[in-house]
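Have a look at the structure below, then the notes.
The residues of the chain are indexed from 1 along the displayed sequence.
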Amino acid sequence: MSLRFDWYQSETKVVITVLLKGAIEKNYNVKIETQKVHMTADGHELILNLLHPIVVDRSSHKAFSTKVEITLAKETGVRWESLEQKAEVVKEVAIRQAKNWDRLVSEEEKLDEKEAKGEAALNQLFKKIYSSSSPEVQKAMNKSFSESGGTVLSTNWNEVSKEKVTVKPPEGTEFRQWDK
């Protein structure tokens with residue numbers, strides 16, 4: 001179970017009030033680190049990832065009948081907008097430290113290119129040409145492919161834009177229209 005708490009600050013310190021009746025009887029324990037406070041007490045736990053660093057040596061805690069007061073000495077006199085870091089910031093830092101995702105993706109793409117054979121290699125080539133082309137070339141490729149029923153693929157927009165692209169089946173085959 002987590003503990004309820006509130007906090008306030010002055011220019012030199014941050015005071016966290018943790019609501020806990022009979023803290024001494026509940027064997028409470030507080031661990032204060034530069035940017036983290038961890039408190040436990042018989043089945044209760046509170047973990048705070050602090051927004052700014054604090055001075056551990058000048059920080060303390062004290063138990064009262066209904067609460068535990070944790071006093072943290074600020075490292076700088078900066079006003080804290082919130083007590084804790086946002087969860088997104090903590091996750092983003094952890095992800096950045098874990099892997100360089102851009103490098104991994106480019107390595108994976110290179111591996112795929114090397115392993116591709118036959119039709120897969122041809123498809124990859126077309127994808128690469130399409131993704132690195134200008135919008136004009138992309139329009140030409142789309143129009144020529146769709147109008148010819150997949151038998152023509154042109155990158156010349158000046159030629160393709162003038163008229164409908166005719167079907168050009170491979171040698172030895174013939175094109176037939178489906179009757180409706």
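- For F145, the CZ atom sits in a loose shell: 12 or fewer heavy atoms of surrounding residues, nucleotides or ligands are nearer than 6.0 Å.
- One finds the NZ atom of K67 at 10.0 Å from the NZ atom of K62 (value rounded to the nearest 0.5 Å).
- Annotation: side chain of T40 is in contact with side chain of H38 (closest heavy-atom distance under 4.5 Å).
- Proximity of a side-chain donor or acceptor of S144 to a complementary backbone N or O of S154 within less than 3.5 Å is detected.
- A donor-acceptor pair is defined here as one N or O able to donate and one able to accept, closer than 3.5 Å; such a pair exists between the side chain of S59 and the backbone of V55.
- Neither V30 nor L19 shares a network with the other; the hydrophobic side chains, linked directly or stepwise wherever heavy atoms of I, L, V, M, F, W or Y lie under 4.5 Å apart, form separate groups for each.
- In terms of modelled atom types and a separation under 3.5 Å, the side chain of Q35 and the main chain of L50 share a donor-acceptor contact.
- In summary, the side chains of Y130 and N142 do present a donor paired with an acceptor at a separation below 3.5 Å, with no hydrogens or angles considered.
- Hydrophobic clustering places W7 together with V56 (ILVMFWY residues linked when any side-chain heavy atoms are closer than 4.5 Å, directly or through intermediates).
- Of all non-hydrogen atoms in E163 and E147, the two that sit nearest each other are O-OE1, 4.2 Å.
- Side-chain atoms of L83 and L51, non-hydrogen and from C-beta on, never get closer than 4.5 Å to each other.
- By the criterion of side-chain heavy atoms lying less than 4.5 angstrom apart, applied directly or through intervening Ile, Leu, Val, Met, Phe, Trp or Tyr residues, L153 is not grouped with V165; the two fall into different hydrophobic clusters.
- Taking the six-membered ring for Trp and the full ring otherwise, H61 and Y28 have centroids separated by under 6.0 Å.
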side-chain contact (heavy atoms from CB on, under 4.5 Å) between T166 and K164, worked out: CA-CA 6 Å; T166 58; K164 187 175 190 244; over 6 Å; no
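- Side-chain contact between H44 and L46 is absent, with no heavy atoms from C-beta onward closer than 4.5 Å.
- Remark: K143 NZ is packed, more than 12 non-hydrogen atoms of other residues, nucleotides or ligands lying under 6.0 Å away.
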Side-chain donor-acceptor contacts of residues 69-81 below 3.5 Å, not counting sequence neighbours, with atom names and distances?
from : atom 1 : to  : atom 2 : distance (Å)
K74  : NZ     : Q9  : OE1    : 2.7
K74  : NZ     : S10 : O      : 2.9
K74  : NZ     : V78 : O      : 3.0

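- V37 and I54 fall within a single hydrophobic cluster, where Ile, Leu, Val, Met, Phe, Trp and Tyr are joined by side-chain heavy atoms under 4.5 Å apart, directly or via other members.
- The structure places OG of S133 at 13.5 Å from NZ of K139, a figure rounded to the nearest 0.5 Å.
- Cluster annotation: V160 and V152 are assigned to the same hydrophobic cluster (Ile/Leu/Val/Met/Phe/Trp/Tyr, side-chain heavy-atom contacts under 4.5 Å, transitive).
- Contact check for M39 versus V18: side-chain heavy atoms found under the 4.5 Å cut-off.
- By the neighbour-count criterion of 12 heavy atoms within 6.0 Å, atom NZ of K31 is sparsely surrounded, having that number or fewer from other residues, nucleotides or ligands.
- One finds the CG atom of L48 at 10.0 Å from the NZ atom of K36 (value rounded to the nearest 0.5 Å).
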